[in-house]
2 protein chains.
Amino acid sequence: MRSISSPTRLTVAVDLAILTVIDGAMRVLLLRRPDDDVPGWAMPGGVVDAERGLDETVQQVLVAKTGVRDAHFEQLATYGAVNRDPRGRVISVAYLALCPHDRLEGAVAAGADQMLAHLHTTWPGEQGGPARLTDAAGQPLSMAFDHADILGDLVRRLRGKLDYSLIAFGLLHRRFTLRDVQTVHEAILGHPLAKPAFRRKLLSRGLLKATGDYAPAGAHRPAELYELLEEK
Amino acid sequence: MRSISSPTRLTVAVDLAILTVIDGAMRVLLLRRPDDDVPGWAMPGGVVDAERGLDETVQQVLVAKTGVRDAHFEQLATYGAVNRDPRGRVISVAYLALCPHDRLEGAVAAGADQMLAHLHTTWPGEQGGPARLTDAAGQPLSMAFDHADILGDLVRRLRGKLDYSLIAFGLLHRRFTLRDVQTVHEAILGHPLAKPAFRRKLLSRGLLKATGDYAPAGAHRPAELYELLEEK
DNA sequence: CCAAAAGTGTTGCCGTTACACCCATGT
DNA sequence: ACATGGGTGTAACGGCAACACTTTTGG
């Protein structure tokens with residue numbers, strides 16, 4: 001029964017997987033806890049207080065940790081195992097937040113206490129298992145709590161939603177080339193895609209609008225810039 | 001920040017959408033609160049205490065409300081709007097539990113305080129909006145909290161996972177006919193499916209094993225019984 | 001003229017759909 | 001015999017993958 005008279009009360013936190021794609025690889029913002037109370041790297045998070053909704057708390061953490069205001073985010077799942085936090089019982093609602101890489105690189109500096117870690121997945125498709133995190137040099141990072149498992153779930157969710165939702169576009173700017181979209185898809189799926197097929201499937205979804213402008217290119221033909229056409 | 005020293009603590013509950021399919025229609029177990037503190041019908045739920053994990057709490061509620069021990073369940077999403085419960089702040093982790101209809105009909109009796117309500121969805125596919133709940137006579141039920149919204153999300157999730165997961169089989173017995181599976185799919189999707197196509201797609205997934213036994217039938221050819229072949 | 005990446009056309013395969021048909025059973 | 005629902009065959013359609021090809025730029 002849900003008796004409010006003498007309820008058990010628990011600490012509820014949100015944990016954010018702030019994700020981006022840099023040079024065709026997934027990256028996620030990790031922090032090392034300032035007062036080394038729990039060893040290892042962890043996703044940024046914050047406790048949910050009585051006056052704030054979940055989304056509001058997420059927004060607040062996002063701005064505090066990255067300065068980014070308008071990132072797209074969505075809920076992933078909630079983790080409530082009794083011993084997931086060695087310091088005490090914490091129910092954690094995990095969120096995914098997406099951001100183009102330069103927005104993040106401007107706001108967070110890699111250092112001893114924070115970094116944009118590389119997020120690898122050994123398994124293909126939507127199989128199980130935790131994610132593997134490494135630093136810029138490719139050295140494995142030891143993760144606090146169950147955060148490696150959460151990040152594994154995250155990648156599976158991303159892969160599943162990739163081609164029927166708009167998540168991929170959360171990792172891009174307002175205007176982008178078709179190649180940019182393909183790079184993001186390949187980074188998330190972990191394998192290369194055929195260019196003509198990808199192109200046609202993407203355009204056939206009827207989501208994009210050609211702008212007529214072209215991205216400045218190097219020694220090759222410039223690519224046309226597209227936008228999401230927003231239908232309300 | 002996640003300070004454990006003086007944390008805000010909140011009431012955390014699990015709410016269960018205990019779902020079944022009866023006569024080709026989705027049904028969900030709803031309760032009317034005994035001490036009419038909140039008007040309307042609600043999903044069964046329970047407060048999460050300090051010693052129990054989320055899944056454990058779900059299992060406990062499930063057995064308490066239905067007597068069913070081995071139902072398949074999975075997490076849906078977490079709802080934490082500040083005013084979703086008029087009595088105070090409650091974070092609610094919604095779960096989906098699946099059960100063959102006769103297991104439920106045996107354990108719960110329709111009455112003034114509990115019923116297997118009809119779950120309708122006006123919208124097709126995976127569009128938005130709350131679910132519509134009615135009683136056996138087709139009269140709309142007024143729902144407590146945000147439970148109509150949660151049940152809307154539930155149906156969308158079910159529809160999305162229907163043909164790449166095993167959820168449909170949670171609504172069936174160990175042995176079933178192909179027609180049974182089709183009925184479940186049609187109930188969830190809300191529209192009829194072509195028999196030959198459904199049959200072939202289902203068998204081509206390579207999940208089923210023909211038993212060689214046949215279901216007792218009426219005035220027509222008996223249908224073969226199939227089982228899930230469990231691959232570990 | 002060459003390299004590099006954008007972008008298109010063509011072909012063949014394969015899964016799905018629609019429709020017609022056969023099979024087994026009770027009345 | 002026939003009504004009823006289980007189960008199968010077949011041909012047309014449409015989407016997708018592979019591959020070869022053309023286009024546009026900088027050097």
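Naming convention: chains lettered A, B, ... in sequence-line order (proteins, then strands); numbering from 1 in each chain.
- Each salt bridge (charged side-chain N to carboxylate O under 4.0 Å, His left out) pair with one or both residues in residues 195-206 of chain A, not counting sequence neighbours, would appear here, but there are none.
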Does the pair B/D180 and B/T177 meet the rule for a side-chain hydrogen bond (donor to acceptor under 3.5 Å, both in side chains), with working shown? CA-CA 5 Å; B/D180 292 337; B/T177 68; 3.2 Å; yes

Which parts of nucleotides 13-21 of chain D does protein reach within less than 4.0 Å, heavy atoms only, written one letter per nucleotide 5' to 3' as B for base, S for sugar-phosphate only and - for none? ----SBB--

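- Under 3.5 Å, the side chains of A/R159 and A/T121 contain a donor-acceptor pair of N or O atoms.
- Across all their heavy atoms, A/E186 and A/L193 have their closest contact at OE2-N, 2.8 Å.
- When all heavy atoms are compared, the tightest approach of B/L30 to B/A117 is CD1-CB, 3.6 Å.
- Within residues 206-216 of chain B, no residue has any heavy atom under 4.0 Å from DNA chain C.
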So which protein nitrogen or oxygen atoms get under 3.5 Å of nucleotides 24-27 of chain C's nitrogens or oxygens?
{"from": "C/dA24", "atom 1": "N3", "to": "B/R221", "atom 2": "N", "distance (Å)": "3.1"}
{"from": "C/dT25", "atom 1": "O2", "to": "B/A219", "atom 2": "O", "distance (Å)": "3.3"}
{"from": "C/dT25", "atom 1": "O2", "to": "B/H220", "atom 2": "N", "distance (Å)": "3.2"}

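- Between the side chains of A/H101 and A/R27, no donor-acceptor pair of N or O atoms lies under 3.5 Å.
- Ring planes of B/H147 and B/F145: tilted class, angle from 30 to 60°.
- Listed in residue order, the members of residues 170-191 of chain B having a heavy atom less than 4.0 Å from DNA chain C come to none.
- For the atom pair B/L116 CG and B/T66 OG1, the distance stands at 10.0 Å (nearest 0.5 Å).
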Using the side-chain hydrogen bond (donor to acceptor under 3.5 Å, both in side chains) rule, take A/Y79 and A/D153 through it: C-alpha gap first, then chi angles, then the decisive distance, then the call. CA-CA 11 Å; A/Y79 299 81; A/D153 290 345; 2.6 Å; yes

Residues 160-172 of chain B side chain polar contacts: donor-acceptor under 3.5 Å, at least two apart:
{"from": "B/K161", "atom 1": "NZ", "to": "B/E74", "atom 2": "OE2", "distance (Å)": "3.0"}
{"from": "B/S165", "atom 1": "OG", "to": "B/K161", "atom 2": "O", "distance (Å)": "2.7"}
{"from": "B/S165", "atom 1": "OG", "to": "B/I167", "atom 2": "N", "distance (Å)": "3.3"}

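- Using a 4.5 Å cut-off on side-chain heavy atoms (C-beta onward), A/V68 and A/R103 make contact.
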